[in-house]
Protein chains: 2
Amino acid sequence: MTKKRESTGFLIKQRAFLKLYILTSIEKERWYGMQILDELKAAFRPFGYEPQHSEIYRALHDLLEDGILTRKKIIEEGSRYKEVAVYSVKNKDEAKAYKKLVKADLDRGEQLLRKALKDNFS
Amino acid sequence: MTKKRESTGFLIKQRAFLKLYILTSIEKERWYGMQILDELKAAFRPFGYEPQHSEIYRALHDLLEDGILTRKKIIEEGSRYKEVAVYSVKNKDEAKAYKKLVKADLDRGEQLLRKALKDNFS
DNA sequence: GTATGAACACACTGTTCATAA
DNA sequence: TTATGAACAGTGTGTTCATAC
């Protein structure tokens, strides 16, 4: 019954990490890919991490396939440029369940890194 | 002058993580692959992470290529089974420099995970 | 130029196979 | 069996290309 496992045992995958952020963004307001990308790039630049646009889209498509999000193509009035793909949460329960899963992996990863710092630098 | 980059911007790679642990193990006493593997497996099992033997060997070989470790093949008296490859630190300065580099990546990763927990669960 | 997406290519790592004692 | 290693295979992700405004 397990779908694709999100964790290989070591640290969380970038994909899952981004899916989590995307879910949180979309829960707040209706957003589309580029917008989220710019947000995240800005947020993580100070940490030396800059997600690529293709990863964002792959994450978005994953969430579609998972049945967690739905997509509508819309001609935004404000934005001068054509169609954007606007996402919203389709299945709140699944979204919540997924986030819970990712949280566990984040917690685990934090412990792993902490342990490594302790074991090797003290 | 930068060799293969150890970090792709996101979290630290398993390889670098293991190389760090290997260096620390070898600094303490003369050890060989399987021994380190068993150690690490035991240490990380509670965290749901179990490194594979091939990754350990790859990490060891990397450290050889980096010029940080040297290897001698030895017939251990105690161990009933033939040759083992025993490693020791060849270049202490490079070892130190490498560990410093990895530490930075661990710190960064911890911040990233912390931020994700904060941003998405609070 | 902005926005979305797919294709391609490579890097990372897990699984399997090989060899030796 | 223990130990080391290489080969193979799958997956994840960065880079590039394609399309539409």
Side-chain angles (χ1 to χ4, degrees), chain A residues 2-19 22 30-41 44 48-65 69 71-87 102 105 109, chain B residues 2-19 22 30-41 44 48-65 69 71-87 105:
Chain A
T2 47
K3 324 196 145 183
K4 276 173 298 174
R5 48 186 312 188
E6 292 296 339
S7 146
T8 63
F10 189 53
L11 297 175
I12 191 172
K13 295 285 182 293
Q14 188 182 184
R15 181 81 47 88
F17 185 91
L18 290 176
K19 283 166 81 175
I22 287 170
R30 224 161 280 270
W31 267 0
Y32 59 96
M34 271 292 119
Q35 213 169 342
I36 295 174
L37 177 64
D38 291 340
E39 262 261 323
L40 294 181
K41 275 193 176 175
F44 292 122
Y49 165 50
E50 186 147 337
Q52 302 308 120
H53 82 272
S54 48
E55 259 305 294
I56 296 284
Y57 287 119
R58 281 191 279 246
L60 245 5
H61 300 337
D62 262 29
L63 287 166
L64 274 185
E65 283 181 31
L69 294 185
R71 171 176 55 183
K72 289 189 249 182
K73 299 245 177 175
I74 287 185
I75 315 287
E76 270 285 351
E77 286 297 314
S79 93
R80 286 195 47 267
Y81 292 98
K82 61 60 187 328
E83 261 186 2
V84 291
V86 177
Y87 292 82
V102 175
D105 225 20
Chain B
T2 48
K3 324 196 143 186
K4 278 174 296 177
R5 47 186 312 188
E6 292 296 340
S7 144
T8 63
F10 189 53
L11 297 176
I12 191 172
K13 294 285 182 295
Q14 189 182 183
R15 180 81 47 88
F17 186 91
L18 290 178
K19 283 166 80 176
I22 287 171
R30 225 161 276 273
W31 266 1
Y32 59 96
M34 272 291 119
Q35 215 168 341
I36 294 173
L37 176 64
D38 291 341
E39 262 260 323
L40 294 181
K41 275 193 175 174
F44 291 122
Y49 165 51
E50 186 148 338
Q52 303 307 121
H53 82 273
S54 48
E55 259 305 294
I56 297 284
Y57 287 119
R58 280 190 279 245
L60 244 4
H61 300 336
D62 263 29
L63 287 167
L64 274 185
E65 282 181 33
L69 293 184
R71 171 176 56 183
K72 290 188 248 179
K73 299 246 178 176
I74 288 186
I75 316 289
E76 270 284 352
E77 286 297 314
S79 94
R80 284 196 50 269
Y81 292 96
K82 61 59 190 330
E83 262 186 359
V84 290
V86 177
Y87 292 82
D105 225 21

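Not measured: the values here are computed from a predicted model. Here is how names work: the chains are called A, B, and so on, in the same order as the sequence lines, proteins then strands, and each is numbered from 1.
Considering only heavy atoms from C-beta on, B:Leu64 comes within 4.5 Å of B:Arg71 through its side chain.
The distance from atom CH2 of B:Trp31 to atom P of D:dT4 is 13 Å, rounded to the nearest whole Å. When rounded to the nearest whole Å, the span between CD of A:Gln52 and C1' of D:dT13 equals 9 Å. Going from atom CD1 of B:Ile56 over to atom C1' of D:dA6 covers 17 Å, rounded to whole Å. Nucleotide C:dT4 holds its C1' atom 9 Å from the CZ atom of A:Arg71, rounded to whole Å. When the P atom of C:dT19 is taken as reference, atom NZ of B:Lys73 falls 15 Å away, rounded to whole Å. Rounded to a whole Å, the OH atom of B:Tyr57 is 22 Å from the P atom of C:dC12. As a whole-Å value, the separation of B:Ile12 CD1 from D:dT13 C1' is 18 Å. Summarising the geometry, the separation between NZ on B:Lys72 and P on D:dT4 is reported as 15 Å, rounded to the nearest angstrom.
Rounded to the nearest 0.5 Å, atoms CG (A:Leu37) and CH2 (A:Trp31) are 12.0 Å apart. In this structure, CD1 in B:Ile56 is found 7.0 Å from CD1 in B:Ile36, a value given to the nearest 0.5 Å. The CZ atom of B:Phe17 lies 5.0 Å from the CZ atom of A:Phe10; values are rounded to the nearest 0.5 Å. Between the CD1 atom in A:Ile12 and the CG atom in B:Leu11 there is a gap of 8.0 Å [rounded to 0.5 Å]. Atom CG of A:Asp38 is separated from atom NE2 of A:His53 by 12.0 Å, given to the nearest 0.5 angstrom.
In the helix from C:dG1-D:dC21 to C:dA21-D:dT1, the end axes, each obtained as the rotation axis mapping the C1' atoms of four pairs onto the next four within a five-pair block, lie 30° apart to the nearest 10 degrees.
Distance from the side chain of B:Tyr87 is smallest to D:dG5 among C:dT4, C:dG5, D:dG5. Side-chain proximity of A:Lys13 to the nucleotides D:dT4, D:dT13, C:dA3 is greatest for D:dT13. Checking D:dG12, C:dG14, D:dG5 against every side-chain atom of B:His61, the shortest atom distance belongs to D:dG5.
Within 3.5 Å, a donor on the side chain of B:Arg58 pairs with an acceptor on the base of C:dG14, or the reverse.
The side-chain hydrogen bond (donor to acceptor under 3.5 Å, both in side chains) test applied to A:Glu55 returns A:Arg15, A:Arg58, not counting sequence neighbours. For A:Glu50, the side chain to side chain contact (heavy atoms under 4.5 Å, CB included) criterion is met by A:Lys41, A:Arg45, not counting sequence neighbours.
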Detail all sub-3.5 Å separations between protein N/O atoms and N/O atoms belonging to nucleotides 18-20 of chain D.
residue : atom : partner : partner atom : Å
D:dA20  : N3   : A:Lys82 : NZ           : 2.8

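Nucleotides of DNA chain D nearest to B:Asp38 and B:Ser54 differ in position, and the one nearer the 5' end is that of B:Asp38.
Contact annotation: A:Gln35 side-chain N/O to C:dT2 OP1/OP2 distance is not under 4.0 Å.
Between A:Tyr49 and A:Phe44, the ring planes lie tilted relative to each other; the angle falls in the 30° to 60° range.
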